[in-house]
Amino acid sequence: MTTSAADARFMARALQLARRGMYTTDPNPRVGCVIVKDGKIIGEGWHERAGEPHAEVNALNQAGKIQAHSAGVYLTLEPCCHQGRTPPCTQALIKAGVTRVVAAMRDPNPQVAGKGIKVLESHGIRVDVGLMEKEAETLNPGFVSRMKRGRPYVRVKLAASADGRTAMANGESKWITGEAARADVQKWRARSSAILTGVSTVLADDPSLNVRDIKTGRQPLRVVVDSRLRMPVTARMLRGAGKTLVITASQDMAITEKLKKAGAEIADMPTQQKTVDLGRLMKHLAWLEMNEVLVEAGATLCGALLRANLVDELVLYYAPQIMGNNERGMFALTPLARMADRVNLEIMDVRPIGKDWRVIARVSEK
């Protein structure tokens with residue numbers, strides 16, 4: 001691949017455009033496109049919503065058919081070559097007569113996965129792949145995870161005191177962090193396909209787990225892990241917009257029917273120990289086309305997900321306060337026998353959010 005400083009500048013712009021679809025493209029990937037001719041941008045576009053035109057088509061429409069002929073195209077993702085809800089973008093690019101396509105990354109979707117590149121090359125179009133690949137992958141961690149691993153990208157959000165306590169011993173937790181941190185959480189919710197919690201959190205806090213103050217055109221799927229079907233039919237999340245899915249290990253049909261009448265969807269996923277099979281749950285969420293899952297739960301569920309190697313990233317909000325060692329911690333984990341059993345993290349970002357501090361850490365693979 002041979003690229004230039006100009007290529008980098010145009011790809012950076014395409015990535016910038018792709019970010020405009022951060023809250024709206026789900027379950028499709030966030031994609032940006034820039035069309036360049038004689039060193040100048042003549043068309044820009046990004047994928048705005050699933051079922052609507054892809055980034056390439058929007059950029060081509062802005063450039064115009066005559067102008068786009070012999071132009072170069074900068075894409076954050078390999079163009080699709082299959083008929084989905086919209087026609088294949090490879091055909092639109094070929095028909096427009098472009099001569100070069102620079103793609104940041106290959107599409108991990110098995111229906112594409114390099115086939116789009118081959119189609120373009122078979123029509124004499126030069127294709128370069130890999131420019132700013134890491135940045136492009138960072139835009140779509142959930143889509144990449146779902147396509148490559150068969151499960152969503154799982155992000156655990158926790159608010160804690162400086163000494164790592166998430167609630168008082170009696171469960172009181174409102175509010176550890178300030179308004180700025182809580183507003184920041186709305187952005188993580190808005191970009192997520194689903195929000196996952198445990199029934200203990202529902203019983204203690206009766207949360208809505210919805211997106212507020214950000215326009216998304218949808219509400220994330222609310223998922224409650226409830227092995228014994230303790231979910232109350234009066235729960236606030238059952239009355240709000242969007243769907244609530246209760247995952248259980250119980251086959252109590254009477255309670256199941258009551259919850260269904262209240263608006264819940266129920267799925268039975270038991271282990272032999274009559275707990276919820278979390279690995280199976282993640283596969284099910286991938287089947288439902290969930291890309292990014294935000295976990296807002298207590299120490300028990302967060303710890304279980306961590307033990308099962310189902311957590312990819314932590315978003316931790318630390319408040320400038322001390323709560324003491326008798327209060328509730330972040331993760332319920334079995335005692336470690338060796339230092340080698342620790343969960344290792346890679347710190348990706350640390351910054352102040354209002355009076356609090358936000359730490360983003362990636363869980364290291366074992």
inquiry  = Between Asp226 and Arg230 (side chain of the first, backbone of the second, donor and acceptor by atom type, cut-off under 3.5 Å), is there such a pair?
reply    = yes
remark   = dist Met11:CE -> Glu133:CD (nearest 0.5 Å) comes out at 10.5 Å
inquiry  = Let's go through Val185 and Arg182 carefully: what are the C-alpha distance in whole Å and the side-chain angles of both, what is the deciding distance for side-chain contact (heavy atoms from CB on, under 4.5 Å) to 0.1 Å, and is it a yes or a no?
reply    = CA-CA 5 Å; Val185 171; Arg182 296 198 295 276; 5.5 Å; no
query = Do Met348 and Val144 share a hydrophobic cluster (ILVMFWY, side-chain heavy atoms under 4.5 Å, transitive)?
reply = no
ask   = Going through the distances and angles, do Met105 and Thr76 end up as a side-chain contact (heavy atoms from CB on, under 4.5 Å)?
value = CA-CA 7 Å; Met105 61 178 286; Thr76 59; over 6 Å; no
query = Quick one: do Lys258 and Asp252 make a salt bridge, cutoff under 4.0 Å?
reply = no
note = Correct closest heavy-atom pair for Arg212 and Gln186 would be N-OE1, 2.6 Å
Show me the donor-acceptor pairs, under 3.5 Å and distance only, between side chains in residues 34-51 and residues at least two apart or in other chains.
{"residue": "Lys37", "atom": "NZ", "partner": "Gln67", "partner atom": "O", "Å": "3.1"}
{"residue": "Lys37", "atom": "NZ", "partner": "His69", "partner atom": "O", "Å": "2.9"}
{"residue": "Glu44", "atom": "OE1", "partner": "Arg13", "partner atom": "NH2", "Å": "3.0"}
{"residue": "Glu44", "atom": "OE2", "partner": "Arg13", "partner atom": "NE", "Å": "2.8"}
{"residue": "His47", "atom": "ND1", "partner": "Pro53", "partner atom": "O", "Å": "3.2"}
{"residue": "His47", "atom": "NE2", "partner": "Asn28", "partner atom": "ND2", "Å": "3.0"}
{"residue": "His47", "atom": "NE2", "partner": "Arg49", "partner atom": "O", "Å": "3.3"}

inquiry  = Tell me the closest heavy-atom pair linking Lys115 and Glu78, and the distance in Å.
reply    = N-OE2, 3.4 Å
key: Residues clustered with Met147, ILVMFWY side-chain links under 4.5 angstrom   = Phe143
request  = Among Ile, Leu, Val, Met, Phe, Trp and Tyr joined by side-chain contacts under 4.5 Å, find the other residues sharing a cluster with Ile66 and list them by chain and number.
outcome  = none
query = Rounded to the nearest 0.5 Å, what separation is found between the OG1 atom of Thr271 and the CG atom of Leu278?
reply = 9.0 Å
message = Strictly by salt bridge (Lys or Arg N to Asp or Glu O under 4.0 Å), give each pair with a member in residues 142-162 just once, sequence neighbours left out.
response = Arg149-Asp312, Arg151-Asp312, Arg155-Glu292, Arg155-Glu313, Lys157-Glu296
query = CZ/Arg236 to CG/Asp205 distance, rounded to the nearest 0.5 angstrom?
reply = 9.5 Å
message = Take a 6.0 Å sphere around CD of Gln321 and say whether it holds more than 12 heavy atoms from other residues, nucleotides or ligands.
response = yes
key: Over 12 non-hydrogen atoms of neighbours within 6.0 angstrom of CD in Gln273   = yes
ask   = Would you say the side chain of Arg19 lies within less than 4.5 Å of the side chain of Leu139, judging by non-hydrogen atoms?
value = yes
key: Pro220 vs Val211 side-chain heavy atoms within contact, under 4.5 Å   = yes
ask   = Quick one: do Arg9 and Asp7 make a salt bridge, cutoff under 4.0 Å?
value = no
key: Verdict with reasoning, Tyr153 to Asn140, per side-chain hydrogen bond (donor to acceptor under 3.5 Å, both in side chains)   = CA-CA 9 Å; Tyr153 188 86; Asn140 293 294; over 6 Å; no
request  = Report yes if the side chains of Leu158 and Leu314 come closer than 4.5 Å at any heavy-atom pair, otherwise no.
outcome  = no
inquiry  = Could you check whether any side-chain N or O of Thr24 sits under 3.5 Å from a backbone N or O of Thr216, counting only pairs where one atom can act as donor and the other as acceptor?
reply    = no
ask   = Could you give the distance from CG (Leu15) to OG1 (Thr138), rounded to the nearest 0.5 Å?
value = 9.5 Å
message = Within this structure, what is the OG-CG distance for the pair Ser200 and Leu301, rounded to the nearest 0.5 Å?
response = 9.0 Å
Transitive ILVMFWY side-chain link Val315 to Leu196, under 4.5 Å = no
same_hphob_cluster(Ile360, Val295) at 4.5 Å side-chain heavy-atom cutoff = no
ask   = Partners of Trp287 by ring pair (Phe, Tyr, Trp, His ring centres under 6.0 Å), sequence neighbours excluded?
value = His284
query = Looking at side-chain heavy atoms only, is the closest gap between Val363 and Val343 below 4.5 Å?
reply = yes
Verdict with reasoning, Tyr23 to Arg218, per side-chain contact (heavy atoms from CB on, under 4.5 Å) = CA-CA 9 Å; Tyr23 306 135; Arg218 61 176 180 85; 5.6 Å; no
request  = Over all heavy atoms of both residues, which pair between Glu56 and Cys80 is shortest? Give the atoms and the distance, please.
outcome  = OE2-N, 4.4 Å
ask   = Can any side-chain N or O of Arg30 pair as donor or acceptor with the backbone N or O of Met22 at less than 3.5 Å?
value = yes
ask   = If we only count heavy atoms from C-beta on, is the Lys260 to Glu265 side-chain gap below 4.5 Å?
value = no
inquiry  = Any non-hydrogen side-chain atom of Leu245 less than 4.5 Å from a side-chain atom of Leu288?
reply    = yes
ask   = Would you say Tyr74 and Val101 make side-chain contact, with heavy atoms under 4.5 Å?
value = no
inquiry  = With heavy-atom distances below 4.5 Å as the criterion, would you say the side chains of Asp356 and Pro320 are in contact?
reply    = yes
request  = Could you tell me the separation between the CD1 atom of Ile117 and the CG atom of Asp128, rounded to the nearest 0.5 Å?
outcome  = 10.0 Å
task = Please lay out, stage by stage, how Val73 and Leu75 fare under the test side-chain contact (heavy atoms from CB on, under 4.5 Å).
result = CA-CA 6 Å; Val73 179; Leu75 276 165; 4.0 Å; yes
ask   = Are any of the side-chain nitrogens in Asp349 or Arg351 under 4.0 Å away from the carboxylate oxygens of its partner?
value = yes
task = Hydrophobic side-chain clustering at under 4.5 Å (ILVMFWY, transitive links): who's grouped with Ile255? Put none if nobody.
result = Ile195, Val199, Val202, Leu203, Leu209, Val224, Leu229, Met231, Val233, Met237, Leu238, Val246, Leu259, Ile266
remark   = In short, Val57 meets Cys89 closest at the heavy-atom pair CG2-SG, 4.5 Å
ask   = Which pair of heavy atoms, one from Ser208 and one from Arg222, lies closest together, and at what distance?
value = O-CD, 3.2 Å
Under 3.5 Å donor-acceptor, Arg189 side chain and Asn210 backbone = yes
request  = Identify whether Met330 and Leu310 are in the same connected component of the hydrophobic contact network (ILVMFWY, side-chain heavy atoms under 4.5 Å).
outcome  = yes
inquiry  = Using a 3.5 Å distance criterion without hydrogens, assess whether the side chain of Ser145 forms a donor-acceptor pair with backbone atoms of Pro141.
reply    = no
Nearest atoms (heavy-atom pairs only) where Pro79 meets Leu120 = CG-CD1, 3.7 Å
task = Determine, stepwise, if the pair Ser193 / Asp26 fulfils side-chain hydrogen bond (donor to acceptor under 3.5 Å, both in side chains).
result = CA-CA 7 Å; Ser193 307; Asp26 202 77; 2.6 Å; yes
ask   = Do the side chains of Val359 and Trp188 join up, straight or via other hydrophobic residues, at under 4.5 Å, putting them in one cluster?
value = no
